[in-house]
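Working notes, beginning with the structure itself.
Scope of the values below: all heavy atoms of this structure, side chains included, with no hydrogens, waters or symmetry mates. Computed from a prediction, not measured in an experiment: that's the story for all the values here.
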Number of protein chains: 2
Amino acid sequence: MDSTSTGTAPNASPPPGRRRGGAAGTKGVPRAEREEQILAAALEEFGRHGHASASMAAIAGRVGVTKPMLYAYFDSKDGLYLACLEHIATRVIAAIDEAMAGGPAAPAGEQLPHAVLTGLFTALEDRRHAWFVLYDRTLAPGSELRLAAQRHRGAIDGLAASGTAALLSGHGNEDPLDADALKHVWTGTVSSLMGWWIAHPELSTEDMSARCARLLTAIRTA
Amino acid sequence: MDSTSTGTAPNASPPPGRRRGGAAGTKGVPRAEREEQILAAALEEFGRHGHASASMAAIAGRVGVTKPMLYAYFDSKDGLYLACLEHIATRVIAAIDEAMAGGPAAPAGEQLPHAVLTGLFTALEDRRHAWFVLYDRTLAPGSELRLAAQRHRGAIDGLAASGTAALLSGHGNEDPLDADALKHVWTGTVSSLMGWWIAHPELSTEDMSARCARLLTAIRTA
DNA sequence: GCGATATAACCTTTCGGTAATTTACCGCTT
DNA sequence: AAGCGGTAAATTACCGAAAGGTTATATCGC
């Protein structure tokens, strides 16, 4: 056995039993299903270790498959990373959109941050590491990857822009750089909380939501 | 020429002129001076790209020497990284200590965060990337490096502990986990601001300090 | 010449990526 | 019902480049 191709499935489900709903002339796991599995494993590995430190063999091993499968479904390591970016960005933006539109009543300006946080915690509960795929500082400076990550972060920042600008202009501050910096601090705060949650896996989404409510009020009325 | 040993100095100072204050029987640059140069270059490279993506050859090339020099002064890549951790942690802790002890008058609780930020901006003005050596998320989970980084971050957190705990208990909140999370958010905020400053190299330390003052008041009286 | 500084050239491992081959399921024909 | 070929899914075994690390050698000031 090649040492770069990790051994038999440590994680895969179908060792003896066989398929149910595949297309004509097929064995193994159907394409769409495998694609999801690979994407989930890649999000975990890339989020945990960063692009450079994550290895294709490790991702394959997590799925219970060998490397060539990854290249059959996604063209390259960078291609897989791009797919991860798209996936997590879509998920994050959907969560924020939903939180801002607010189910029954749209949250007012003051409690909007808490609604967004709760939405993100809910959406990423089982994928906490994936958040950091968007915020990997180790991507090569000129690379397509970094540009793509920047683009997606920009889309997310756009949703935060109205909130931060409103907060500042409420204090007579119209400096666009101030608003930009505050956006950056806000997404950084989300990163901090996600990182802290990873270090405390036993805490539920509800616990995190309540905790953030306490922290936000404490900070605001300092 | 070996492609892994980068060519002649793209950055080093002494092409023609020779030394002045070296020890007995020496050519080139004296040991202590080279050590500083290497450390500075390593802080920059590690901070920019992370541990995994930074290469020893690139660090050597930045100094204007070849790889074996790095191994002569520091034993290994990890050894060099550990030295970087010590260096930047010492610098950061000194800056925070000084800001908290406050020159003429110790800053009150409310403006302490701003004093700390200003101290950090001043201390890291010419080494902005170095901050991220302490906060590299891509370090291997079980490694000595990650433990060392955690240890140093813990020392820094210790300085923030009194402030965050005081803020929360002022609101009747004595939950130790809340205090821990708030510490994490605080250091994350510093990271965010340092990252934003890197993206805006033209801004002075004073500008950043004033900007943060504005942001802090805006946040607090939301 | 002696010792400190420095380098060229090399070794080894890891990892992204690929070509050739195999396995197993399906439907169609006999 | 038995067999047969087609096709999707998957694996084994390999290549080449990049990077960490080492050895043996050269240079320069005292």
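A/Phe74 places its CZ atom 16 Å from the P atom of C/dG16, with the value rounded to the nearest Å. As a whole-Å value, the separation of A/Tyr71 OH from D/dT11 C1' is 15 Å. For the pair B/Glu35 CD and C/dA4 P, the interatomic distance rounds to 15 Å; values are reported in whole Å. The distance from atom CE of A/Met56 to atom P of D/dG16 is 20 Å, rounded to the nearest whole Å. For the pair B/Leu70 CG and C/dT5 P, the computed distance is 15 Å after rounding to whole Å. To the nearest angstrom, P of C/dC15 lies 11 Å from NE2 of A/His49. Going from atom CE of A/Met69 over to atom P of C/dG17 covers 16 Å, rounded to whole Å. Summarising the geometry, the separation between CD1 on A/Ile59 and P on C/dG17 is reported as 11 Å, rounded to the nearest angstrom.
Listed in residue order, the members of residues 39-47 of chain B having a heavy atom less than 4.0 Å from DNA chain D come to none.
Comparing D/dT23, D/dA9, D/dT11 against the side chain of B/Pro68 picks out D/dT23 as the nearest. Side chain of A/Arg31, nearest nucleotide from C/dT5, C/dT7, D/dA9: D/dA9. Checking D/dT23, D/dG21, C/dG17 against every side-chain atom of B/Ser76, the shortest atom distance belongs to D/dG21. Of all nucleotides listed (C/dG16, C/dA6, D/dA19), D/dA19 comes nearest to the side chain of B/Ser55.
Partner B/Glu33 forms a side-chain contact (heavy atoms from CB on, under 4.5 Å) with one of B/Glu36, B/Gln37, B/Glu35 and no other, that one being B/Gln37.
Contact check, A/Arg34 against D/dA10: a side-chain N or O comes under 4.0 Å of OP1 or OP2.
Looking at heavy-atom distances under 4.0 Å, A/Ala54 makes contact with sugar-phosphate atoms alone, never a base.
For D/dG21, the base has no donor-acceptor partner in the side chain of B/Lys77 [N/O atoms by modelled type, under 3.5 angstrom].
Under the 4.5 Å side-chain criterion, counting only non-hydrogen atoms from C-beta, A/Ile88 is not in contact with A/Phe132. Here the side chains of A/Leu182 and A/Trp186 are not in contact, with every heavy-atom distance at 4.5 Å or above. A heavy-atom distance below 4.5 Å is found between the side chains of B/Glu144 and B/Leu82.
Between the side chains of A/Asp78 and A/His51, a donor-acceptor pair is found at a separation under 3.5 Å.
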Let's go through A/His200 and A/Asp207 carefully: what are the C-alpha distance in whole Å and the side-chain angles of both, what is the deciding distance for side chain to side chain contact (heavy atoms under 4.5 Å, CB included) to 0.1 Å, and is it a yes or a no? CA-CA 11 Å; A/His200 296 79; A/Asp207 183 295; over 6 Å; no
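Here A/Asp178 pairs with A/Asn173, B/Arg211, B/Arg214 under the side chain to side chain donor-acceptor pair (under 3.5 Å) rule; sequence neighbours left out.
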